[in-house]
Amino acid sequence: RAMLDRPVATTLHGLAEGLLRELAGFRAHLWAFGEASAGAKGARRAAPASRGSHASMLRLHQELRGGSGWMRRLAEVEMLIAEMAHYPQLVCCILGGDGGEHAAAAGASRVLDLLIGRYRAEQLLSMRDNAMLRLWLRLFVAAALPYLHKLHIWISEGRLEDSAGELPLE
């Protein structure tokens with residue numbers, strides 16, 4: 001309840017929305033697989049040319065566990081969240097509490113730094129376009145856009161709309 005009574009850092013809010021969109025994609029993928037599987041069970045016998053297109057547990061396992069599959073993406077996000085828990089400013093932004101005068105600004109900066117770091121590390125490891133690079137880029141954009149919008153309003157209109165204190169300005 002206390003979390004709802006105080007302003008939430010927009011970078012964290014944007015990151016949360018980005019994560020929810022990723023989970024919605026995962027959920028949609030599983031539902032589509034389930035519908036394809038149900039359709040395959042309803043058919044008497046598939047023609048030889050279309051047998052490979054039917055859903056199977058092996059295919060689902062390969063899609064989930066592949067190099068950029070959903071299980072890897074979920075594991076990487078879990079590691080990001082665990083890493084975020086090591087920074088007191090982020091914990092204060094999420095749970096509330098006194099993290100110091102510029103805790104929200106430090107927390108916002110840390111979120112963006114962690115996402116850039118994940119993208120950079122994945123870019124060094126990958127030899128080709130993969131889902132992990134796209135994941136980190138989507139999450140970075142989701143977290144950065146609200147922050148950049150605040151800066152835009154401040155610079156273009158001279159109004160500082162920063163109730164959470166993400167911009168380290170006085």
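What's counted below: heavy atoms across the whole structure, side chains too, no hydrogens, waters or symmetry copies.
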Only distances under 3.5 Å count here; give the side-chain donor-acceptor pairs of residues 76-83 to other protein atoms, sequence neighbours excluded, each with its distance to 0.1 Å.
unit_1, atom_1, unit_2, atom_2, d
Glu76, OE1, Arg118, NH1, 3.3
Glu83, OE1, Arg118, NH2, 2.8

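Side chains of Leu74 and Leu23 form a contact here, defined as non-hydrogen atoms less than 4.5 Å apart. You'll find the side chain of Arg110 reaches within 4.5 Å of the side chain of Leu114, heavy atoms only. Side-chain contact between Met84 and Leu15: present, with at least one pair of heavy atoms (C-beta onward) separated by less than 4.5 Å.
Interatomic distance, Arg138 CZ to Arg21 CZ, rounded to the nearest 0.5 Å: 9.5 Å. Here CZ of Arg73 is found 9.5 Å from CZ of Phe26. Values are rounded to the nearest 0.5 Å. The CZ atom of Phe140 lies 9.0 Å from the CG atom of Asp113; values are rounded to the nearest 0.5 Å. Here CD1 of Ile155 is found 11.0 Å from CG of Leu160. Values are rounded to the nearest 0.5 Å. The NE2 atom of His13 lies 11.0 Å from the CD atom of Glu166; values are rounded to the nearest 0.5 Å. Atom CD of Gln123 is separated from atom CG of Leu137 by 10.0 Å, given to the nearest 0.5 angstrom.
Leu135 and Leu20 fall into different hydrophobic clusters, where Ile, Leu, Val, Met, Phe, Trp and Tyr residues are linked whenever their side-chain heavy atoms come under 4.5 Å apart, directly or through other members. Note on Tyr119 and Val141: same hydrophobic cluster, where clusters join Ile, Leu, Val, Met, Phe, Trp and Tyr whose side-chain heavy atoms are under 4.5 Å apart, directly or indirectly. Follow the hydrophobic side-chain contacts under 4.5 Å out from Leu112 and you reach Leu151 in the same cluster.
The heavy-atom pair separating Leu19 from Leu139 by the smallest distance is N-CD2, 3.7 Å. The minimum heavy-atom distance linking Tyr147 with Thr10 is given by the pair N-OG1, 4.0 Å. Taking every heavy atom of both residues into account, Ala143 and Leu115 meet most closely at CB-CD1, 3.9 Å. Minimum heavy-atom separation, Gly18 to Ala142: CA-CB, 3.9 Å.
Side chain of Ser109 to backbone of Ala105: no donor-acceptor contact under 3.5 angstrom is found.
Ion pairing between a basic and an acidic side chain is recognised when a charged N comes within 4.0 Å of a carboxylate O; Arg72 and Glu122 show such pairing.
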